Q: 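This is the structure, below, for whatever I ask next.
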4 protein chains.
Amino acid sequence: MSDTTEDGAPERVRRVRSQRMEAFSDGVFAIAITLLVLDIAVPTGSQRDLLGVFFNEWPAYLAYVVSFATIGAIWLGHDLITEYLHSSDSILLRLNLLLLLVVSFLPFPTRLVGEYLLEVNAEKVAVTIYGLTLLAAATMVWVLWQYALRADLVRPDTTDAEVAILTRQFTPGLLGYVILLVVGLFQPVLAVIGYLALAVFILVPLGRAKRRLYSR
Amino acid sequence: MSDTTEDGAPERVRRVRSQRMEAFSDGVFAIAITLLVLDIAVPTGSQRDLLGVFFNEWPAYLAYVVSFATIGAIWLGHDLITEYLHSSDSILLRLNLLLLLVVSFLPFPTRLVGEYLLEVNAEKVAVTIYGLTLLAAATMVWVLWQYALRADLVRPDTTDAEVAILTRQFTPGLLGYVILLVVGLFQPVLAVIGYLALAVFILVPLGRAKRRLYSR
Amino acid sequence: MSDTTEDGAPERVRRVRSQRMEAFSDGVFAIAITLLVLDIAVPTGSQRDLLGVFFNEWPAYLAYVVSFATIGAIWLGHDLITEYLHSSDSILLRLNLLLLLVVSFLPFPTRLVGEYLLEVNAEKVAVTIYGLTLLAAATMVWVLWQYALRADLVRPDTTDAEVAILTRQFTPGLLGYVILLVVGLFQPVLAVIGYLALAVFILVPLGRAKRRLYSR
Amino acid sequence: MSDTTEDGAPERVRRVRSQRMEAFSDGVFAIAITLLVLDIAVPTGSQRDLLGVFFNEWPAYLAYVVSFATIGAIWLGHDLITEYLHSSDSILLRLNLLLLLVVSFLPFPTRLVGEYLLEVNAEKVAVTIYGLTLLAAATMVWVLWQYALRADLVRPDTTDAEVAILTRQFTPGLLGYVILLVVGLFQPVLAVIGYLALAVFILVPLGRAKRRLYSR
C-alpha cells in the first residue's frame, strides 16, 4: 500500500529506473571488460623473434585474464543482487556509481601489472595497487547487498535461506583479497595467480548458488 | 485525443523511440565514463620508483574522479528527466545529441587537466577548457529540461511541486560552474576540487529529490 | 498466414531478433560516436603555450564534430527505418552489418582529417578518404531502406505518404556527398565544412519529417 | 511443472537473467567489433605521400574486415542460439563468459596481423596466433550450443529439424579453421583471406538457415 499511489505511476517509474540502472551498469561492465585488451601492448619492431616477444608478454595476458574473470564475477554478483531487488533508491544508485567507479578504473592497475610484473620492486607496487582495486570492488559489491537488505529493497518473496546463500557469496571473498594483498608484498606473481583463483572460486559457487536458488 | 490515432500505432512507436533515445544515451554515457580511464597514462620505465611515479600522477586520478562524478550526475539528471517524459520529439532528440556531443568530448579536457595540472600557465588553460566543457554539459541538461517543459513533453500526471523540485536541481549548478571558471583562472587546483564538490553536491540533492518524489 | 504459425512463437522470436539487431546497432553507433574523442591527440610538452597549441588543433575538433553529427544523423535514420519495420530478415541483418562496418571504421578517416588537414597534398588524400567513407555510410542507409521496402519488411499500416517522406530523406544526401567529394579535391577545408552542413541538413529534415509523421 | 514454483517468480527472474546475459553479451560484441578500428594505426609524418602510406596499410584493413566479419558471424550465431533458449543456467553463463573472453581478446591478434603481415617469419607467428584465437571463438560457440542441447535449455517447441540445421551451422566452421591454421604456416596472406571467406561463408548459411527456420 505504501508502495503504490492512486495512479500507480511511481511504481512503474521505479521499475523503469531500476532497469536503467541495470542497463547502465551492464554497459559499464561490458565496456570495462572489453577495454582490458587495450592494456596488452602490441610489440613493434619484433620482426626477428615475434614468437619470443609474444610469450614474454605473458604477464599482460595473465593480468588480462584475472581482470576479465574478476569483472565477470562482479557482473554476475551484481546481476544476482539486482534480480532480488523490487526497486532501487537514490542511495543505492550512488553506491552503484561508486562500484562502477572502481570497476572502470580496473584497466589502469591491470596495465600496471602487465607492464611491471617480474620487475624487482616495481612488481610489488603494481600488484599491491591492483589488489587494493580488486578489494575495493569486492567491498562495494558487499556494501551494495548489505544496503539493499537494510533499506528493504529486496523483493518480499525472497526467503531467508536465499538471503543467507547470497550473503555467504559476497562475504568470504573479502577476506581472500586481504590475505592476497599481504602475499603480494612477498610473492607478487603468486598473488596474481591467487586473484585469478579467487575470481574463479567466486564464479563457481555463484553458479552453484544460482542453481540452488532457481531450481527449487 | 490529439495523442493517439485511430490505430494507436504512433503512440507505440513514440514510446519505442523514446526508449531507443534513452538506450542510445545510456550507451554514450556508459562508454564516455568508462573511457576516462584511458586518460591515465601508464608510466613506462619506472622500475626504480613506481610508487613515487604512481603518486605523482594524482592530478590524473583527480581529473578521473571529477569527470566520473560529473558524468554520473549528468546521467542521473538525464535519467530523471526522461522518466518524466511521456514522449520525445525531434527537437528534443537533437538537443539530446548536443548533450551527448559535450559529454563524449569530456575525456579530452580530462586528459588535459591530468597532464597539465601543476604546470605553471598551462594548468590555467587546461582547467579553463575543462570548466567550459563542464559548464556546457550542465547547460545542455538544463536546456533539455526547459525544452521538455515548454514543448509539453512532460507526463501530465506530474505535479507542479515535482516540476519545481526538478527545476531547482538543474539550475543552481550553472552558477556554480561560472564561479569556478573564474576561480580556475587564479587557483586551478582549487577549481578542480570545486568541480568535484559541485558534482557530489548535485548527486546528493538529486538523490534527496528523488526520494521525496518517489516516496510520497 | 504465411507469417505466423499455429503457436505464434516465430512471430515473437522475430520481434526479439529485430530488437537485438537494434540493440546491437545502437551499441555500435554509441561506441563509434564516443570513440571519436580518442582521435583528438592530447598535446604533450606544451607547457609554454598550451592555449596556442589547443587552438591549432582545430582541424581535429572540426573532424570530431562532423563525424559526430554524421553518426548522429545515421543513427536517427536507422532509428526511423527500424521503427517502420515489422520484422527483419537475414539479408537485412547482413546489410545492417555492412552499415555498421562502415560506421565503426569512421574514427580512422576522422583521425586522418584531424591530422592532415592544412597539410598540402596530404589534406586532399585525407579528405577524399573521409568523404568516401561518409558516402559509403549514407549509401548503406539508403540500401537498407530500399531493401526493407522491396522485401516487404515495412509495417503494413505505413501510408504511401510516409514511405515517400522517408525515401526523400535518404536520397538527396547521396548526391551531396558525391558533389563534396569533388569539391574536396580542390578545397578540402570547404568540403569538410560541407560535410558538416550536410549532416546538419539531414538531421533537420529528419527531425521535421518525424514531427510530420508522428503529429498527424 | 518442474519449471515454475507456486508464485511464478523464479520463471520471471530466469527470463530477466537470460535477457541480461544477452544484453551483456551484445554489449561486449558491439564494443569488441567497434574497438577493432583502433588497431589501424594512423600514419604520422606522411605529408609527402599519404596516399601511398594509406594503401601500404592494407594488411591492417584486411585484418579489420576479417575480424569484423568474424565477430559479426559469432554475434549472429550467438543471437540464433539464445533465441532458442527458454532459459539459461549457471554453467551456460560461465561458458558464455569464456566466449566473451576470446571475442574481446580478438583486437589484440588483429593488430598483430595488421602490423606483421608481409614481414618474413613474423607474419607466420602473427597469423597463427590470430587463427588460434578464431578457432577458440568458433569452438566456444559450438560448445555453447552443445551444452544448451544437453542441459535441456532449448525451447521445447524447437523441432528436430531446427536443431539439425543449427548444429550443421556451427560444426563445419571448426574444420575450416583447423585447415586454415595449417595453411597459415606456409601462406599467411592466403590464410587470412581464407578466414574472411570462412566468416562470410558462415554468415551466408546462417542467414539462409534463419530464413528457412522462420519462414515455414
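Keep in mind that this is a model prediction, so the values were computed, not measured. Lettering follows sequence order; numbering is per chain, from 1.
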Q: Could you tell me which non-hydrogen atom of C:Val102 sits nearest to which non-hydrogen atom of C:Thr133, and how far apart they are?
A: CG1-O, 3.5 Å
Q: Is it the side chain or the backbone of C:Leu100 that comes within 4.5 Å of chain D heavy atoms, both, or neither?
A: both
Q: Distance-only, no hydrogens or angles: does the C:His78 side chain make a donor-acceptor pair with backbone N or O of C:Asp26 under 3.5 Å?
A: no
Q: Would a 4.5 Å heavy-atom cut-off, applied to side chains only, mark D:Leu92 and D:Met21 as touching?
A: yes
Q: Looking at side-chain heavy atoms only, is the closest gap between C:Leu106 and C:Leu134 below 4.5 Å?
A: yes
Q: Check D:Ala191 against D:Gly184 and note the closest heavy-atom contact, atom names and distance.
A: CB-CA, 3.5 Å
Q: On a heavy-atom basis, which atom in C:Glu162 and which in C:Asp157 lie closest, and how many Å separate them?
A: OE1-O, 4.1 Å
Q: Mind checking which of residues 115-125 of chain C sit less than 4.5 Å from chain D, heavy atom to heavy atom?
A: C:Glu115, C:Tyr116, C:Glu119, C:Val120, C:Asn121, C:Ala122, C:Val125
Q: Could you name the residues of residues 136-149 of chain C that have a heavy atom within less than 4.5 Å of a heavy atom in chain D?
A: none
Q: Check each atom of C:Ala126 against the heavy atoms of chain D and say whether the ones under 4.5 Å are side chain, backbone, both or neither.
A: both
Q: Any chance you could measure D:Phe24, atom CZ, to D:Phe29, atom CZ, to the nearest 0.5 Å?
A: 11.0 Å
Q: Which region of C:Leu101, side chain (C-beta onward) or backbone (N, CA, C, O), has a non-hydrogen atom less than 4.5 Å from a non-hydrogen atom of chain D, or is it both or neither?
A: both
Q: What option among D:Ile31, D:Val53, D:Leu50, D:Leu35 has the most heavy-atom pairs under 4.5 Å with chain C?
A: D:Leu50
Q: Which one of D:Ala41, D:Pro43, D:Ala30, D:Ala23 has the most heavy-atom pairs closer than 4.5 Å to chain C?
A: D:Ala30
Q: Just checking heavy atoms, which of residues 55-70 of chain C are less than 4.5 Å from chain D?
A: none
Q: Could you tell me which residues satisfy side-chain contact (heavy atoms from CB on, under 4.5 Å) with C:Asp39, sequence neighbours excluded, listed by chain and number?
A: C:Leu36, C:Pro107, C:Thr110, C:Arg111
